[in-house]
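Below is one structure, written out as C-alpha cells, with a few remarks after it.
Below, each value reflects all heavy atoms present in this structure, side chains not excepted, and no hydrogens, waters or symmetry copies. By convention in this document, chain letters (A, B, ...) are assigned in the order of the sequence lines, proteins followed by strands, and residues within each chain are numbered from 1.
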2 protein chains.
Amino acid sequence: MKKCNMKITFNRGARMKRAKKKIFHDFITRKGLKSTRQRDVILDYFLSSDRHMSIEDLYLKLRAKHPNIGYATVYRTLKLFAESGIAREIQFGDGQTRYEHVAEGEHHDHLVCTRCGTIVEFKNETIEKLQSEVAASHGFLIETHKLELYGMCAKCRK
Amino acid sequence: MKKCNMKITFNRGARMKRAKKKIFHDFITRKGLKSTRQRDVILDYFLSSDRHMSIEDLYLKLRAKHPNIGYATVYRTLKLFAESGIAREIQFGDGQTRYEHVAEGEHHDHLVCTRCGTIVEFKNETIEKLQSEVAASHGFLIETHKLELYGMCAKCRK
DNA sequence: TTGCTAATGATTATCACTTTCATATTAATC
DNA sequence: GATTAATATGAAAGTGATAATCATTAGCAA
C-alpha cells in the first residue's frame with residue numbers, strides 16, 4: 001500500500017518534472033535564449049530539491065558536484081525560472097529570497113515555524129474568496145496575494 | 001457636520017499621540033535609557049506622518065528642519081519605537097523596511113497598489129478566524145500573521 | 001566552420017541596513 | 001552647579017544579499 005502510494009507519487013513527480021523542463025525549454029526558445037549545460041544542471045537540482053530554496057542553498061548543493069558553476073549563474077538562472085513561470089520568488093522576511101516550485105495554476109499560502117523554520121503549505125478557498133470581497137469593497141483588483149502565518153509548529157510546541 | 005467630524009478625528013489623534021509619547025517615555029525609563037532631543041523630534045515626526053514610513057522617508061523629512069540628526073539615529077530610534085510597542089516593522093517585498101503605527105491591541109492587513117504604491121489597511125474577522133482554524137489543523141500555534149493583497153487600486157484602474 | 005549573439009564566472013558595485021568608535025549628552029549624585 | 005558614570009549621537013566603515021560589469025567562452029543558425 002505504502003509502496004503503491006510512493007510509486008504514484010514518484011510517477012507524478014517525474015511527469016511534473018518533465019512538464020516543467022518543457023515549459024522552461026519553450027520559454028528559452030521563445031525568448032531567443034540559449035540552452036546551456038549549466039541551466040540544465042541547475043534546473044535538475046532545483047526540480048529535485050526542497051520546495052523552498054534560496055540562491056545560496058542551491059549554489060551550495062550544486063558546488064559539490066559542479067564546482068565550476070558560479071553563484072551569478074545560479075542567481076540569473078533562478079530569475080529565469082521565475083520569469084518562465086516554473087518558480088516563484090517568496091520572501092519570509094529573513095532577508096533571503098527563496099524560490100518555490102509553481103504547479104500549473106496553483107496557489108498556496110504558508111505556515112512558517114518561527115523556531116525551526118519549517119514551512120508548511122496550505123490552501124483555503126474560503127479565505128481566498130473573502131480576500132476578493134475585501135479587495136472589491138475597496139475598489140482594488142487583486143493581482144497576487146501573500147498570506148503567511150507565523151508561529152510554533154507541533155514539534156516545537158512539545 | 002464635516003467640520004465636526006474633523007474635530008473629533010483631530011482630538012482622537014491628539015489623544016493617541018499623547019498616549020504613545022507616554023508609552024515610549026515609560027519604555028525609555030523602564031529600560032534605563034535616556035530621553036534626548038533627537039528622540040523627541042523623531043517621535044514627533046513619526047507620529048504626525050503617514051502610517052507607513054521607511055527609515056529613509058523619515059530621515060529625509062527630518063533633514064529639512066533638523067540637518068543635524070543622522071541616519072543612524074533615525075534607524076536606532078525606529079527600532080526602539082518597535083521595541084516599545086508603538087510601531088511595527090513591515091515588509092512589502094520591495095527591499096525597504098517600513099514602520100507603521102500600532103494602536104493598542106489592534107491588527108490589520110494591507111492592500112497594496114502595485115502601480116502607485118498606495119497602501120490601504122483593512123481588517124476582516126472572518127479571515128482571522130479561518131487562519132486560526134487552518135493553523136490548528138496543522139498543529140501550529142499562531143504568533144503573528146501577514147496578509148497582503150497586491151493589485152491595482154480604484155484610481156489606477158481608470 | 002564561421003560569425004553573431006548570448007552565457008558564464010570572476011569581480012566589482014549597489015543598496016539597505018548595521019555596527020563601530022570617538023565625542024557629546026543625560027541624569028543621578030555630590 | 002560641578003562631577004561622573006552611563007548612554008546617545010553622528011560620521012564613517014562594515015555587512016550581506018542582490019545586481020551589474022566585462023573579458024572570455026559557448027550555442028547555434030547559416
Side-chain angles (χ1 to χ4, degrees), chain A residues 24-46 52-84 87-99 117, chain B residues 24-46 52-84 87-99 117:
Chain A
F24 185 63
H25 185 261
D26 289 351
F27 169 80
I28 287 292
T29 306
R30 189 169 64 255
K31 287 274 188 175
L33 305 178
K34 288 165 182 172
S35 168
T36 68
R37 195 182 56 77
Q38 287 92 331
R39 285 176 180 167
D40 288 345
V41 171
I42 295 171
L43 182 53
D44 265 337
Y45 270 70
F46 178 69
H52 307 90
M53 304 277 287
S54 67
I55 300 168
E56 181 138 29
D57 288 341
L58 200 43
Y59 173 65
L60 292 178
K61 264 202 171 182
L62 274 166
R63 225 172 40 167
K65 290 210 176 175
H66 303 274
N68 48 320
I69 294 181
Y71 187 95
T73 300
V74 177
Y75 160 78
R76 286 181 289 225
T77 305
L78 281 174
K79 286 266 180 214
L80 282 182
F81 290 172
E83 213 189 320
S84 77
R88 182 190 297 126
E89 288 189 4
I90 43 172
Q91 302 273 161
F92 289 126
D94 64 344
Q96 290 254 128
T97 299
R98 282 157 207 283
Y99 289 81
Chain B
F24 185 63
H25 185 260
D26 289 352
F27 169 80
I28 287 292
T29 307
R30 187 169 67 255
K31 287 275 188 175
L33 305 179
K34 287 167 182 172
S35 168
T36 68
R37 194 181 56 76
Q38 287 91 332
R39 284 175 181 169
D40 288 345
V41 171
I42 295 171
L43 182 53
D44 265 337
Y45 271 69
F46 178 69
H52 307 90
M53 304 278 287
S54 67
I55 300 167
E56 181 138 28
D57 288 340
L58 201 41
Y59 172 64
L60 291 179
K61 264 201 171 181
L62 275 166
R63 227 175 34 171
K65 289 210 177 175
H66 303 273
N68 48 321
I69 295 182
Y71 183 96
T73 300
V74 177
Y75 160 77
R76 285 181 289 225
T77 304
L78 282 173
K79 286 265 179 213
L80 283 181
F81 290 172
E83 213 189 320
S84 77
R88 183 190 296 125
E89 289 188 3
I90 43 171
Q91 303 272 163
F92 289 125
D94 64 346
Q96 289 253 127
T97 299
R98 282 158 207 283
Y99 289 82

Next on the checklist: When you compare the side chain of A:Leu33 with that of A:Arg39, does any pair of heavy atoms fall below 4.5 Å?
Outcome noted: yes
Can you tell me how far the [atom1] atom of [X] sits from the [atom2] atom of [Y], to the nearest 0.5 Å?
X	Y	atom1	atom2	answer
B:Met53	B:Phe46	CE	CZ	8.0 Å
B:Leu43	B:Thr77	CG	OG1	9.5 Å
B:Arg76	B:Thr73	CZ	OG1	5.0 Å

Applying side-chain hydrogen bond (donor to acceptor under 3.5 Å, both in side chains), name anything that partners [X], two or more places apart in sequence or on another chain.
X	result
B:Tyr59	none
B:Tyr99	B:Glu89
B:Lys34	none
A:Ser84	none

Checklist entry - So what does A:Thr97 touch, heavy atoms closer than 4.0 Å: a base, only the sugar-phosphate, or nothing? => result sugar-phosphate
Item to check | Leading and trailing nucleotides of DNA chain C with any atom under 4.0 Å from heavy atoms of chain B | outcome: C:dA16 to C:dA27
Checklist outcome for this item: Between A:Ile55 and A:Tyr75, the two heavy atoms sitting closest are CD1-CD1, 3.6 Å
Next on the checklist: For A:Ile28 versus A:Ser35, what's the shortest heavy-atom pair and its separation?
Outcome noted: CG2-N, 4.1 Å
Next on the checklist: According to side-chain contact (heavy atoms from CB on, under 4.5 Å), who are the partners of A:Ser54, at least two apart in sequence or on a separate chain?
Outcome noted: A:Glu56, A:Asp57, A:Gln96, A:Arg98
Checklist entry - For B:His66, which residues count as a side-chain contact (heavy atoms from CB on, under 4.5 Å) partner, sequence neighbours excluded? => result B:Arg37, B:Val41, B:Tyr45, B:Leu62, B:Asn68, B:Ile69
Item to check | ring-ring contact (aromatic ring centres under 6.0 Å, His included) partners for B:Phe24, two or more places apart | outcome: B:Phe81
Next on the checklist: Rounding to 10°, can you tell me the angle the first-five-pair axis of the helix from C:dT1-D:dA30 to C:dC30-D:dG1 makes with its last-five-pair axis?
Outcome noted: 20°
Next on the checklist: Heavy atoms within less than 4.0 Å of DNA chain D: which residues of residues 30-41 of chain A have one? Give them sorted by number.
Outcome noted: A:Lys34, A:Ser35
Item to check | Residues touching DNA chain D, which here means a heavy atom under 4.0 Å, drawn from residues 55-69 of chain A | outcome: A:Ile55
Checklist entry - Got more than 12 heavy atoms from elsewhere within 6.0 Å of NE2, B:His25? => result no
Checklist entry - CZ of B:Arg63: more than 12 outside heavy atoms within 6.0 angstrom? => result no
Item to check | Along DNA chain D, first and last positions that approach a heavy atom of chain A under 4.0 Å | outcome: D:dA17 to D:dC28
